[in-house]
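The next block holds one structure in the form of C-alpha cells; read it before the comments.
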Amino acid sequence: MKDTAKHEGLRNQLVTVLKEKGITDKNVLEAIKKIPRHLFLDSSFADYAYQDKAFPIGAEQTISQPYTVAFQSQLLEVKKGHKVLEIGTGSGYQTAVLCAMGAIVYSVERQKELFKKTLNLLPKLDIINPKPKYLSFGDGYKGLPNFAPFDSIIVTAGAPIIPEPLMAQLKIGGRLVIPLGEEVQIMTLLIRKNETQFEKHESGEFRFVPLLEDKN
Ligand code: SAH
C-alpha cells in the first residue's frame, strides 16, 4: 500500500481540474488532495486513478468520478464531527473523502463482495482519520435506523425514488443528497425544514449505477 510523491503530484493536478469544473469547498478539495485514490482501484487501473473518470471496482459496480464525489460532498456541507450516512460504500473512496473532511461516517453496501473488500481496506489506510464508524452489509433503502438521526445523508447510486426511511432519519436542518432518476439522474438536495417539510434543490445531470433493493 504505497503512496508516493508522484501520486501526490497527480492528486494536485486533479484538484486543479476540479476547481476549474467549479468545486470551491476547501474542505472537499483538501480531502481529495489527501486520499490516495489509486489504492481504491485494482492495480491495473492505478496509472489512471487521478483522471477524472469512473472505473470498474468489481460486482458490476464503479468507483464514482472524482468530480461527482466532490460535487456531492460539497452539497453535503460537512462540518467536523457531523454524523453522515452513506448509501453505497462501493470502493470506500467517497467514505474516505468524507472521513478526511472530519465527518463521522456510517456506510451501507448491498454487495457482499464489495462490502468485505472495503471493510478490509479502510482500516489499513492510516491516512484516514477519523476512520469510518461503521460499515454495514445491507439494503440502503432502509437506512440505518439504529444510528439515526444523521446530519446528512449521501446516496451514491441512481435512485428511482427518495426512500422514505432516509428522509425520516435526517435531522431537522439536515441535508440529503441523492441522484434521482433511471437512465440519467438529476442531483437532488433535500433540506429538512421541520418534522414534515423538506426544501428541494436540483443541480445537474449525472450517471450512476442503479440503487437496487435487498442485498446480494
Ligand atoms: N461511493 C462508491 C460508489 C460505488 S457505486 C465509491 O466511491 O466507490 C454505488 C454502490 O452502491 C455500489 O457499490 C452498489 O453495490 C451500491 N448499492 C446499490 N444499491 C444499494 C442499496 N440498496 N444499498 C446499499 N448499497 C447499494
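Atoms within each ligand, like the ligands themselves, are counted from 1 in listed order. Residues take their numbers from the sequence shown, with the count starting at 1.
- With sequence neighbours left out, Asp25 forms a salt bridge (Lys or Arg N to Asp or Glu O under 4.0 Å) with no residue at all.
- Classification of the Phe71-Phe206 ring pair by plane angle, with boundaries at 30° and 60°, yields tilted.
- Following chains of ILVMFWY side-chain contacts shorter than 4.5 Å, one can reach Leu189 starting from Leu98, so the two form part of one hydrophobic cluster.
- The distance from the NE2 atom of His7 to the CG atom of Leu14 is 13.0 Å, given to the nearest 0.5 Å.
- Not counting sequence neighbours, the partners of Pro210 by the side chain to side chain contact (heavy atoms under 4.5 Å, CB included) test are Leu212.
- Evaluation of the side-chain hydrogen bond (donor to acceptor under 3.5 Å, both in side chains) rule for Lys193 yields Glu199 as partners, not counting sequence neighbours.
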Between the protein and ligand 1, which nitrogen or oxygen pairs come in under 3.5 Å, and how far apart is each?
{"unit_1": "ligand 1", "atom_1": "1 (N)", "unit_2": "Glu86", "atom_2": "OE2", "d": "3.2"}
{"unit_1": "ligand 1", "atom_1": "1 (N)", "unit_2": "Gly88", "atom_2": "O", "d": "3.0"}
{"unit_1": "ligand 1", "atom_1": "1 (N)", "unit_2": "Thr156", "atom_2": "OG1", "d": "3.2"}
{"unit_1": "ligand 1", "atom_1": "7 (O)", "unit_2": "Gln94", "atom_2": "N", "d": "3.4"}
{"unit_1": "ligand 1", "atom_1": "8 (O)", "unit_2": "Ser91", "atom_2": "N", "d": "3.0"}
{"unit_1": "ligand 1", "atom_1": "8 (O)", "unit_2": "Ser91", "atom_2": "OG", "d": "2.6"}
{"unit_1": "ligand 1", "atom_1": "13 (O)", "unit_2": "Glu109", "atom_2": "OE1", "d": "2.7"}
{"unit_1": "ligand 1", "atom_1": "13 (O)", "unit_2": "Glu109", "atom_2": "OE2", "d": "3.4"}
{"unit_1": "ligand 1", "atom_1": "15 (O)", "unit_2": "Glu109", "atom_2": "OE2", "d": "2.6"}
{"unit_1": "ligand 1", "atom_1": "19 (N)", "unit_2": "Leu212", "atom_2": "N", "d": "3.0"}
{"unit_1": "ligand 1", "atom_1": "22 (N)", "unit_2": "Asp139", "atom_2": "OD1", "d": "3.0"}
{"unit_1": "ligand 1", "atom_1": "22 (N)", "unit_2": "Leu212", "atom_2": "O", "d": "2.5"}
{"unit_1": "ligand 1", "atom_1": "23 (N)", "unit_2": "Gly140", "atom_2": "N", "d": "2.7"}
{"unit_1": "ligand 1", "atom_1": "25 (N)", "unit_2": "Arg110", "atom_2": "N", "d": "3.3"}

